[in-house]
Amino acid sequence: MTFTLYVDVDRWRAHQKQVLADLPGLVPVAKGNGYGLGDLRLAEECTLLGVDAMAVGIEEELAGVLDAFGGDVLVLTPVLPGTAYDVHPRVIRTVAHLEALRCAPAGARVVVECRTSMNRHGIRPDELPAVTDAIGGARLEGFALHLPLDRPGGVDPAAETAAWVDRLAAAGLPTSTLWVSHLSAAELADLRARHPGVAFRPRVGTRLWLGDRGALQARGTVLDVEPLARGERSGYRQHRAPSAGHLVVVSGGTAHGVALEAPKPVRGPVQRAKVLALGSLEAAGRNLSPFSWAGRQRWFIEPPHMQVSLVFVPHGVDPPAIGDELDCEVRLTTTHPDRVVDV
């Protein structure tokens, strides 16, 4: 019995093709847990899409991807200065420091990351004059801009991109290829019109693989169902049942990413009120699970175990049977299903 991610494969691939049509020069990103589907599966999807390049997050993700995809593979995490690596004809490394660029072996294909308002890493504008000499025998495959997602007042990633094109040109550096992220189709179209000599390569992960969330559904299998009397204790922590009902043991726990959430941006009074309300419930020992049955999310009896969760179904609601599946709303970038099934 397993925790399964079901993929409406026709709907999912139709969304991929729409993103490809909207974003010419698309570079799909496969990294981490492969957005819940696995990096190798995404590499195979890149082959089906017919793109000429894809990206991975780190060096260690290259091996399997290179076997599953025949085009170029960009490594997004910058190479540390002094790091040794093999030159591969289809691998492009990101460098974000002049010293790393100077250390690049002859023939290595590199993309130079520029520091944007993200302030994460990258070459600063005042370092551009030194880039040409630092390249040495490496093959420059263009420059990269990692841009912010949100656009609060005064933040304009498209204008920031245009400014970097002008800076690179003023420094005498080639602007034929710019690898970018988090720009809309409209912003990219405008940039292409303003800079017809630049090939913009949008690197896209979440929007491509998870943009049609309805095409993907995680479900846990019911392993056991046990009636509970009001006040009866259960679980590792021996919590009492708040009322009569049923304890449902369902596959899906911390090893699968169930109830493990990354911090979320909170904006506006409504979202803040929801966070405060959930925090108050947690302080009282009540945690709403991501599992649903009979049209409603159900409460955890206690925090999830490693591979299963204990969920409470109250009296008056017909419980599931062993072997049934419960929908589970999870963040797929932190989810590790036991299996992925195309439907």
Side-chain angles (χ1 to χ4, degrees), residues 23-27 29 51-57 59 71-148 155-184 187-204:
L23 301 174
L26 176 71
V27 181
V29 175
V51 295
D52 64 350
M54 64 174 290
V56 297
E59 187 84 7
D72 291 339
V73 182
L74 171 69
V75 183
L76 295 173
T77 300
V79 175
L80 291 174
T83 300
Y85 52 87
D86 294 331
V87 175
H88 189 288
R90 291 195 289 118
V91 175
I92 306 170
R93 267 82 177 192
T94 300
V95 293
H97 305 88
L98 287 175
E99 187 56 34
L101 192 54
R102 295 187 182 102
C103 293
R109 302 173 69 189
V110 298
V111 164
V112 175
E113 184 96 18
C114 301
R115 185 172 293 270
T116 69
S117 55
M118 276 275 291
N119 271 325
R120 197 162 74 172
H121 45 240
I123 301 291
R124 298 187 304 272
D126 63 336
E127 295 177 305
L128 289 178
V131 168
T132 300
D133 289 339
I135 290 173
R139 291 173 51 191
L140 180 63
E141 299 287 347
F143 293 85
L145 300 175
H146 200 74
L147 299 155
V155 174
D156 187 341
E160 187 173 1
T161 300
W164 267 106
V165 173
D166 292 340
R167 289 190 192 109
L168 293 168
L173 294 167
T175 59
S176 55
T177 305
L178 203 61
W179 307 71
V180 296
S181 60
H182 305 144
L183 291 172
S184 69
E187 289 170 330
L188 283 164
D190 181 65
L191 284 165
R192 288 190 177 99
R194 294 168 60 185
H195 302 282
V198 180
F200 291 94
R201 304 299 309 267
R203 304 168 298 184
V204 182

- Message: Could you report the tightest heavy-atom contact between Leu140 and Pro174, atom names first, then the distance?
- Response: CD2-CG, 3.7 Å
- Message: Show, in sequence, the C-alpha distance, side-chain angles and deciding distance for Ile92 and Trp179, and conclude whether the side-chain contact (heavy atoms from CB on, under 4.5 Å) test is met.
- Response: CA-CA 12 Å; Ile92 306 170; Trp179 307 71; 4.2 Å; yes
- Task: Taking the six-membered ring for Trp and the full ring for Phe, Tyr or His, determine whether the centres of His97 and His121 are under 6.0 Å apart.
- Result: no
- So, for Glu160 and Pro148, which heavy atoms are closest and what is the spacing to 0.1 Å? OE1-CD, 4.4 Å
- Output the distance between atom CG (Leu128) and atom CZ (Arg167), rounded to the nearest 0.5 Å. 8.0 Å
- Task: Identify the heavy atoms of Arg115 and Gly122 that sit nearest to each other, and give their distance.
- Result: NE-O, 3.4 Å
- Item | Closest non-hydrogen atom pair, Ala100 against Leu80 | CB-C, 4.3 Å
- Query: Looking only at atom types and distance, does a side-chain atom of Arg90 sit under 3.5 Å from a main-chain N or O of Gly71, one as donor and one as acceptor?
  - Reply: yes
- Please determine if Asp86 and Arg93 form a salt bridge, counting it only when a charged side-chain N lies under 4.0 Å from a carboxylate O. no
- Exactly one of Val180, Leu23, Leu183 clears side chain to side chain contact (heavy atoms under 4.5 Å, CB included) with Val204, and that residue is Leu23
- Item | Nearest atoms (heavy-atom pairs only) where Arg194 meets Ala162 | NH2-CB, 3.6 Å
- Note on the structure: Between Glu141 and the options Val110, Thr94, Val111, the side chain to side chain contact (heavy atoms under 4.5 Å, CB included) test singles out Val111
- Message: Is it the case that the side chain of Glu59 and the backbone of Val75 share a donor-acceptor pair, with hydrogens and angles ignored and the cut-off at 3.5 Å?
- Response: no
- Message: Nearest 0.5 Å, please: how far is CG in Leu168 from CZ in Phe143?
- Response: 5.0 Å
- Task: Would you check if the side chain of Thr161 reaches a backbone N or O of Pro157 as a donor-acceptor pair within less than 3.5 Å?
- Result: yes
- Closest contact, heavy atoms only, Ala55 versus Val27: N-CG1, 4.0 Å
- Message: Could you check whether any side-chain heavy atom of Cys103 comes within less than 4.5 Å of a side-chain heavy atom of Glu99, counting everything from C-beta outward?
- Response: yes
- Task: Using modelled atom types only, decide if a donor and an acceptor are shared between the side chain of Arg201 and the backbone of Gly25 within a distance under 3.5 Å.
- Result: yes
- Query: Is His146 close to His182 at the side-chain level, that is, under 4.5 Å between some pair of heavy atoms?
  - Reply: yes
- Message: Contact between Val198 and Leu191 at the side-chain level, heavy atoms closer than 4.5 Å - yes or no?
- Response: no
- Query: Do Asp133 and Arg102 sit within salt-bridge range, that is, some charged N less than 4.0 Å from a carboxylate O?
  - Reply: no
- Message: Working to the nearest 0.5 angstrom, can you tell me the gap between Leu147 CG and Cys114 SG?
- Response: 10.5 Å
- Give the intermediate values and the outcome of side-chain contact (heavy atoms from CB on, under 4.5 Å) for residues Met54 and Asp72. CA-CA 6 Å; Met54 64 174 290; Asp72 291 339; over 6 Å; no
- Task: To the nearest 0.5 angstrom, please state how far the CG atom of Asp166 sits from the OG1 atom of Thr175.
- Result: 9.0 Å
- Reported CZ-to-CG distance for the pair Phe200 and Leu26, which is rounded to 0.5 angstrom: 15.5 Å
